[in-house]
There are 2 protein chains.
Amino acid sequence: MIKDSIKEKIASGMWEFRKPIPSEAELCRIFDVSPGTVKRALQELVNEGYLYRRQGIGSFVARPNFENSLYRFFRYDVGKDKSRPVPRSKVLISEVIEAPEDVCKHLMIEKGSLVVHIRRVRLFDEIPLVYEDLYLPHELFEGMEKKDISEKLLYPIYEQEFKVLVVSADEYLNAATANEEQAQYLGIGECSPLIEITRIARTFGEEPVEYRRSFGRGDRFRYHVRIR
Amino acid sequence: MIKDSIKEKIASGMWEFRKPIPSEAELCRIFDVSPGTVKRALQELVNEGYLYRRQGIGSFVARPNFENSLYRFFRYDVGKDKSRPVPRSKVLISEVIEAPEDVCKHLMIEKGSLVVHIRRVRLFDEIPLVYEDLYLPHELFEGMEKKDISEKLLYPIYEQEFKVLVVSADEYLNAATANEEQAQYLGIGECSPLIEITRIARTFGEEPVEYRRSFGRGDRFRYHVRIR
DNA sequence: CAGTGGTCTAGACCACAAG
DNA sequence: TTGTGGTCTAGACCACTGG
C-alpha cells in the first residue's frame with residue numbers, strides 16, 4: 001500500500017509543511033506504481049486531512065488549524081465582519097510545578113516530572129469565553145513560563161521558540177458547571193453551564209506535548225453533527 | 001458526474017434499503033461510463049455514508065443508525081457485556097397540541113398546525129440518562145399519541161406503522177443545566193450539567209419529520225474529536 | 001461455477017498556474 | 001510552453017460469495 005508509505009513520510013516530518021511533495025509523476029517512479037494508483041492514494045490522503053492539492057501547482061502537507069477548532073465549537077457571531085482577530089488572553093497563573101498525577105498520565109511523563117502550568121482566560125472581542133489550564137513538559141518548554149502570551153497564539157510560539165510542532169490532537173467534550181472562580185472570570189453565574197474541552201496535542205510520532213483543559217461558556221457553545 | 005445521479009436515486013428512495021443496487025457492470029451500461037469511473041463514484045458514496053458494499057454480494061443503500069448516535073455521545077459503560085438492549089422509556093406526556101412557534105419553524109409547517117408531542121425519560125439499564133421532548137407532524141403521525149412506546153424504538157414504528165422513513169438528521173449540541181423537573185427525573189441535583197441535543201430528522205427530499213430536544217446527563221456525556 | 005466488489009495498470013485529455 | 005493536478009478510459013487480475 002503506497003498510501004501508508006506516503007503517510008509515514010508525512011507523519012515523520014520528512015516533507016516540510018507548505019512545500020510541495022514530489023509530483024504524481026515522480027511518485028510513480030519513486031514507488032514504481034501506475035499513475036492511477038498514485039492519484040487514488042493522494043486523494044484519500046486529502047480526504048483524511050493529511051494533504052491539500054492545488055491544480056497547476058502541486059500537493060502539500062496540510063497542517064491542522066487549531067484556531068478553527070475553537071471557532072467550530074463556539075458561536076462567535078458578535079460583530080458581522082468575517083475577520084477573526086487573535087483572541088487576547090488574561091494570564092492568571094504561569095509557573096513551573098511538579099506535574100499532578102493526571103497530567104503525568106496524559107503527557108506520558110514520569111511521576112514527579114516538572115511541567116509548565118499556565119492558567120488563562122481567553123477573550124474574544126473583549127468577551128471572556130474560555131477559562132483554561134495548560135500543562136507542558138518542562139523538558140521541552142524551559143522558559144515558557146516567562147513569555148508574554150497575552151496577545152499571541154501559543155502554537156506559533158511552540159514552533160518558533162521551542163521547535164515543537166503540533167501536528168495532531170485529540171479533544172474530548174464534557175458538560176460541566178461553573179465553579180466560583182470560573183463564573184467570576186467568565187462573567188456568568190455560578191452553576192452556569194460550561195463545556196469542558198480536554199485536549200491532548202501531539203507532535204510527530206504521536207508524542208504528547210500539551211495537555212489542556214478548557215472551560216467554555218455554555219451559552220456560546222454549539223456543535224453540529226450531520227447524520228447520514 | 002454520475003456520482004450525483006446515483007446519489008439522487010438513493011435520496012429519492014428509488015432503490016430499496018437492504019436490497020442490492022445494480023452491479024458495477026450494469027451501472028457502466030446504464031450510465032455509459034467506464035468501470036473505473038463507476039468504482040470511484042461508488043467508493044466516494046461509501047465514504048459519505050450513502051452505501052455499503054460487500055465483496056461477492058453487491059452494493060447496498062445504507063441507513064443511518066441513530067441508536068449509535070446516542071451511544072456515541074454517552075458513556076454507557078455500566079456493565080461490561082457488549083449487548084446493547086433497547087432502552088426503556090417512561091412516557092410523561094403523549095398528546096396532540098398546536099405546535100409552538102419554534103416547532104413550526106423546525107418542522108417547516110404552518111403556524112397553528114397540530115403536532116404529536118411526547119415527553120419521556122429514557123432509561124439505560126434502568127438508569128435514567130435522557131429526558132426528551134419530541135414533536136411530530138400530526139398529519140403524518142395520526143394516532144401516534146396512543147401507541148405504547150415504553151419498550152420500543154421509535155424509528156421502526158415510524159417506518160412500519162406510519163410509512164415514514166428517516167434517512168438523515170442534523171443534531172446540534174448545547175450545554176445546559178437541569179431545571180427542577182429534569183433533575184428529578186434524571187436523579188441528579190438541580191443545576192447539574194446537562195447536554196442538550198436538538199435533532200431535526202428528515203425523510204426523503206430533506207423533508208423534516210421529527211423535531212426532538214433531548215437533555216442528557218452531563219456526567220455521562222462524552223464526545224471525542226480527532227484533529228488532523 | 002458465475003457474479004460480485006477490491007485493487008491496480010497505463011495511460012489520455014483537460015484546466016490551471018508560473019515563467 | 002511546461003509542469004501540475006482533476007477526471008475519465010478500458011480494462012486485468014484477484015478474493016470472496018452463493019448456488
Side-chain angles (χ1 to χ4, degrees), chain A residues 1-65 68 167-168 226 228, chain B residues 1-65 68 167-168 226 228:
Chain A
M1 201 90 177
I2 88 154
K3 183 179 147 190
D4 293 325
S5 315
I6 295 177
K7 203 190 256 183
E8 266 174 46
K9 288 202 199 288
I10 295 170
S12 72
M14 174 172 288
W15 289 327
E16 289 174 50
F17 291 114
R18 289 185 262 266
K19 287 218 265 180
I21 70 171
S23 74
E24 291 185 5
E26 284 174 82
L27 291 169
C28 287
R29 285 191 287 278
I30 294 171
F31 293 107
D32 192 34
V33 292
S34 74
T37 307
V38 168
K39 277 180 196 293
R40 187 164 12 86
L42 293 180
Q43 185 53 52
E44 284 169 22
L45 291 169
V46 168
N47 295 340
E48 293 171 29
Y50 289 93
L51 292 177
Y52 59 94
R53 317 183 72 195
R54 294 285 170 267
Q55 191 176 35
I57 309 182
S59 304
F60 305 82
V61 178
R63 296 199 44 183
N65 186 338
N68 271 353
V167 298
S168 72
R226 175 98 218 209
R228 214 290 107 199
Chain B
M1 203 87 175
I2 87 152
K3 183 178 148 191
D4 292 326
S5 314
I6 296 177
K7 204 190 254 182
E8 266 174 47
K9 287 202 199 289
I10 295 169
S12 72
M14 174 171 286
W15 289 328
E16 290 173 50
F17 291 115
R18 289 184 262 267
K19 287 218 266 180
I21 70 171
S23 74
E24 291 185 5
E26 283 176 81
L27 290 171
C28 287
R29 285 191 288 277
I30 293 172
F31 293 107
D32 191 34
V33 293
S34 74
T37 307
V38 168
K39 279 180 196 292
R40 187 163 13 87
L42 294 180
Q43 185 53 53
E44 283 169 22
L45 291 169
V46 168
N47 294 341
E48 293 171 29
Y50 289 92
L51 293 177
Y52 60 93
R53 315 183 75 196
R54 294 285 171 267
Q55 190 175 34
I57 309 182
S59 304
F60 305 82
V61 178
R63 297 201 42 185
N65 186 337
N68 272 353
V167 299
S168 72
R226 174 101 219 206
R228 210 297 98 205

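Labels below follow one simple rule: chain letters A, B, ... track the order of the sequence lines, proteins then strands, and each chain is numbered from 1. Everything numeric in this text was worked out from a predicted model, so none of it was measured.
What separates CZ of B:R29 from P of C:dG3 is a distance of 10 Å, to the nearest Å.
B:T37 comes within 4.0 angstrom of a nucleotide base, judged by non-hydrogen atoms across all strands.
By the 4.5 Å heavy-atom criterion applied to side chains, B:L42 and B:L27 are counted as neighbours. Side-chain contact check for B:Y50 versus B:K7: some heavy-atom pair is nearer than 4.5 Å.
For the pair A:K39 and A:M1, both in contact range of DNA chain C, the more 5′-proximal nearest nucleotide belongs to A:M1.
Using a 4.0 Å cutoff on non-hydrogen atoms, the parts of residues 45-62 of chain B near DNA chain C are B:R53, B:R54, B:Q55, B:G56, B:I57, B:G58, B:S59, ordered by number.
Taking the side chain to side chain donor-acceptor pair (under 3.5 Å) definition, one finds that A:Q43 meets it with A:N47, sequence neighbours left out. For A:R40, the side-chain contact (heavy atoms from CB on, under 4.5 Å) partners two or more places apart in sequence, or in a different chain, are A:T37, A:E44. Applying the side chain to side chain donor-acceptor pair (under 3.5 Å) test to A:S23 and every residue at least two apart in sequence or in another chain returns A:E26.
The pair B:E24-B:R29 does not meet the salt-bridge criterion, since no charged nitrogen lies less than 4.0 angstrom from a carboxylate oxygen.
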Side-chain donor/acceptor pairs under 3.5 Å, residues 8-16 of chain B, sequence neighbours excluded:
unit_1, atom_1, unit_2, atom_2, d
B:S12, OG, B:E8, O, 3.2
B:S12, OG, B:K9, O, 3.0
B:S12, OG, B:M14, N, 3.4

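When DNA chain D is scanned 5' to 3' for any atom under 4.0 Å from a heavy atom of chain A, the first and last hits are D:dG3 to D:dT7.
Exactly one residue among A:I6, A:V61, A:I21 makes a side chain to side chain contact (heavy atoms under 4.5 Å, CB included) with A:L45. That residue is A:I6.
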